[in-house]
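Note: hydrogens, waters and symmetry copies are ignored here, and every other heavy atom, side chains too, is used. To find a chain, count down the sequence lines: A is the first, B the second, and so on, and within it residues start at 1.
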Number of protein chains: 2
Amino acid sequence: MATIKDIAKQAGVSISTVSYALNGSPKVTNETTERILAIAKELNYIPNAAARSLKTRETKIIGIFLTDFNGAFYGDLLQGTKDFLARKGYELIVCSGKQSHWMLPERMIDGAIILDVTFESEELVRYADRGHKLVVLDRELSHANINQVLLDNKAGATLATEHLIEEGHRKIYAVTGPGSSYDSKQRLQAVMQVVERNAGIELIVMEGDFNKEGGELAAKRIMAESEEGLVSAAVFCFNDEMAIGMFNYLAEYRPDIRIGEHIHIVGFDNMELASYSQPRLTTIDYSKHKWGALAAEQLVKLINGDTVEHERIYVTLLKGKSVGPGN
Amino acid sequence: MATIKDIAKQAGVSISTVSYALNGSPKVTNETTERILAIAKELNYIPNAAARSLKTRETKIIGIFLTDFNGAFYGDLLQGTKDFLARKGYELIVCSGKQSHWMLPERMIDGAIILDVTFESEELVRYADRGHKLVVLDRELSHANINQVLLDNKAGATLATEHLIEEGHRKIYAVTGPGSSYDSKQRLQAVMQVVERNAGIELIVMEGDFNKEGGELAAKRIMAESEEGLVSAAVFCFNDEMAIGMFNYLAEYRPDIRIGEHIHIVGFDNMELASYSQPRLTTIDYSKHKWGALAAEQLVKLINGDTVEHERIYVTLLKGKSVGPGN
DNA sequence: TTGTAAGCGTTATCAG
DNA sequence: CTGATAACGCTTACAA
């Protein structure tokens, strides 16, 4: 492994000259720079990231922390983040699991984007206190070194609920995420507000888990609650994954029940899988690419010491065929 | 940011003693170790990864390089990799794009797993020549520092093709991946061998792209080729993604054509989405979790200087409802 | 324009 | 058992 020392020796100059030349400093003559570059190529010189960042105190790497690697949901978001960061000269790495948290405090990354409820806020604040820059996508957190880029949960949940009501449904089931989820809490709050504003609406809340299982279980319970042969439920699943679970359960155990006719389902996220559901799931849509890009932008600003305001990702209602008129 | 120097000063010992204590060396008295640990905690000491790896020449990080972040396909594989590595004290980071390649030569990672055809073999060999350890999942590459963990494409393609033949199909379409894909080439070769071994089979090869678009296009072409109202095609799509594209095309433009009856489709990969197709896609299945874990295992062995043989991931035929008897 | 030299925060080899 | 001290490879004042 050739080092700048080797190059310096070959070129008959000092290591600082080599360093300057390699970094394209105007302090070095063009000819010496070229000579040094030539020798560097000849020796297959490659800089050592550890040495560089030990000195510069930065790695030019940003980490994004996800709950798991089941990217079905994250693909676009990651692409958005990566695209933006690439333009700013940063690398993106995807991490998952508590094990990987050390990368932030040990300065292996210059900043982090958090989309992982299992990452405790207390821990995040501790890092922020140490001067690390963070952008959170899944919670509210006030700190000079932390910026939030959150979904407009309130708007989304309101759109979803009002849509069900407008279609004439009077009994609405809300299948939430886990109780600890910020997004879930926000959505539930909005649902309750809408229900309060509209007379004669019955709201039944069921705690879910944001996974398919939660949707299946909710479907089972709703079916059990309904009178024989007289099912007419309107359900707002707080994410698409649970909505899909509900579709699965119904397809398997209740082929007599038709979605969009006997039972009406709205999801949240508009994940790719949802576009394949039969009938097409009605859901809340938003640009995941933009979400990722904006998070990256905020993080880079934070790192550069610019002041940043919290941001919000706007959502829209995407009407599918999974909701029909009520009776 | 407290360093071992600060701790040494506080504790009234030398930095080497601190280093030993921190690393749990038995060379230091229990009491001094405890005192040092206490001071370290008090000062919120956190080691600096760059400094450590500059010295030790390792980062305990493994990178996996993917073509893109659309993890719909990779989730399980990544989980398998991560689980294994965690047990061995390594961290896993996911990278994508040419931009990120520097992490290997610049020693930001101790080794890499490659599942990205856009990563040129020549470049990989160059890194291997420099002593970097690699495991490739998508090509054959012979080098002391490179190990392969490949899918048993031959078995998979053979199973798929033979299944179609056993069901009585005589005209078989093969929709390949891009010409540059190793997996695609292997599969095509196996298909051709099966066809040769069986008399009276007509094989039509169409080049695809491993994406949904390729499947859609192939479906369009197959429909165009077929006589009016007399469609009876058996298609082996070299991956599920294209098979899904084919399903989509048919659902949209040819609702008269029934899959598993007029047209028969086999995929490859058994991705999650495939389990939601209507009818259930017949495909080639294998354990993605095991694939990832095995790749990780081989890489760690390589890093430790152990000798390793190339490995193979076995596959099975998963019968769905997308293939019915021929006429 | 180039060279000298002082670190960056660790680990590890010696002595003591 | 503990302490000096020399690396690791690079950047960056400051000198020349």
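Across all strands, B:S53 comes closer than 4.0 Å to no nucleic acid atom at all (heavy-atom distances). Within the nucleic acid shown, B:I46 comes within 4.0 Å of sugar-phosphate atoms alone, with no base atom in reach, counting heavy atoms only.
The side chain of B:S19 approaches C:dT11 more closely than any other nucleotide in the set D:dT11, C:dT11, D:dC1. Here D:dC14 is the nucleotide among D:dC14, D:dA7, D:dC10 with the atom lying nearest to any side-chain atom of A:K27. For A:R57, taking side-chain heavy atoms from C-beta onward, the closest of the listed nucleotides C:dT4, D:dT12, C:dG9 is C:dG9. Closest to the side chain of A:I15, from the set D:dG3, C:dA5, C:dT2, is C:dA5. Among the nucleotides D:dT11, D:dT2, C:dC8, the one closest to the side chain of A:L54 is C:dC8. Checked against D:dT11, D:dG9, C:dT11, the side chain of B:R52 finds its nearest nucleotide in C:dT11. Closest to the side chain of B:S16, from the set D:dC10, C:dT2, D:dT5, is D:dT5. Set against D:dC8, C:dT10, D:dA13, the side chain of A:Y20 has D:dA13 as its closest nucleotide.
The aromatic rings of A:H101 and A:F65 sit perpendicular, their planes meeting at an angle over 60°, well past the 30° parallel limit.
Cation-pi contact between B:K288 and B:Y286: present, with separation from the ring centre below 6.0 Å and deviation from the ring axis of at most 45°.
In this structure, A:L22 places its CG atom 15 Å from P of D:dG9, rounding to the nearest Å. Across the protein-nucleic acid pair, A:R35 atom CZ and C:dT1 atom C1' stand 13 Å apart, rounded to whole Å. Straight-line distance from the CG atom of B:N48 to the C1' atom of D:dG9: 14 Å, rounded to whole Å.
For the pair A:L85/A:E91, no side-chain contact is recorded, criterion being any heavy-atom separation below 4.5 Å from C-beta on. Taking the side chain as every heavy atom from C-beta outward, B:R130 and B:R107 never approach each other to under 4.5 Å.
Scanning atom types as modelled, no donor and acceptor separated by under 3.5 angstrom connect the side chain of B:K55 and the base of C:dG9.
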